[in-house]
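Before any comments, here is the structure.
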Amino acid sequence: MGNMTVQQAVAIIAAQFPLTWSQIGDKPAIITSAELQAAVQAASQLTSPDGTVWEPTIDNDGKVTWQKKGVVE
């Protein structure tokens, strides 16, 4: 069969097993962009035991530095 891209494989599978969104029983929950932004924000920070929040920054050389952003009340 040779090499194929993911898009080609998905197209072949979709042609053999045509589904519509309404036929999918266990759909993921749809979230708003605000909820997504809050989740991304929470995932990209650390909170130390004293409540200090640290956020990562990446410089042009790829070095990650954690910066103190404040204290969670």
Side-chain angles (χ1 to χ4, degrees):
M1 188 162 207
N3 293 337
M4 82 172 52
T5 66
V6 172
Q7 290 86 356
Q8 290 169 326
V10 169
I12 291 169
I13 292 169
Q16 300 213 2
F17 304 100
L19 291 174
T20 62
W21 184 249
S22 63
Q23 293 172 316
I24 298 173
D26 190 19
K27 297 177 194 156
I30 296 176
I31 62 171
T32 65
S33 65
E35 292 170 324
L36 178 60
Q37 183 62 32
V40 168
Q41 179 76 20
S44 64
Q45 71 181 21
L46 295 175
T47 304
S48 60
D50 67 354
T52 304
V53 175
W54 299 82
E55 292 183 351
T57 58
I58 302 174
D59 65 15
N60 290 334
D61 296 325
K63 181 179 177 185
V64 177
T65 305
W66 288 90
Q67 296 181 343
K68 186 177 184 177
K69 292 296 179 179
V71 177
V72 176
E73 304 273 335

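Quantities reported herein were computed from a predicted structural model and do not represent experimental measurements.
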Checklist entry - Taking a hydrophobic cluster as the set of Ile, Leu, Val, Met, Phe, Trp and Tyr residues connected by side-chain heavy atoms closer than 4.5 Å, whether directly or through intermediates, do Val10 and Phe17 fall within one such cluster? => result no

Checklist entry - Roughly how far, to the nearest 0.5 Å, is OG1 of Thr52 from NZ of Lys69? => result 13.5 Å

Checklist outcome for this item: Distance col, row Gln8:CD vs Asn3:CG, nearest 0.5 angstrom, shows 9.5 Å

Checklist entry - Under 3.5 Å, side chain of Asp59 to main-chain N/O of Asp61, donor-acceptor pair present? => result yes

Next on the checklist: Quick check for you: to the nearest 0.5 Å, what is the distance between Trp66 atom CH2 and Thr57 atom OG1?
Outcome noted: 9.5 Å

Checklist entry - With hydrophobic residues grouped by side-chain heavy-atom distances under 4.5 Å, do Val6 and Ile12 end up in a single group? => result no

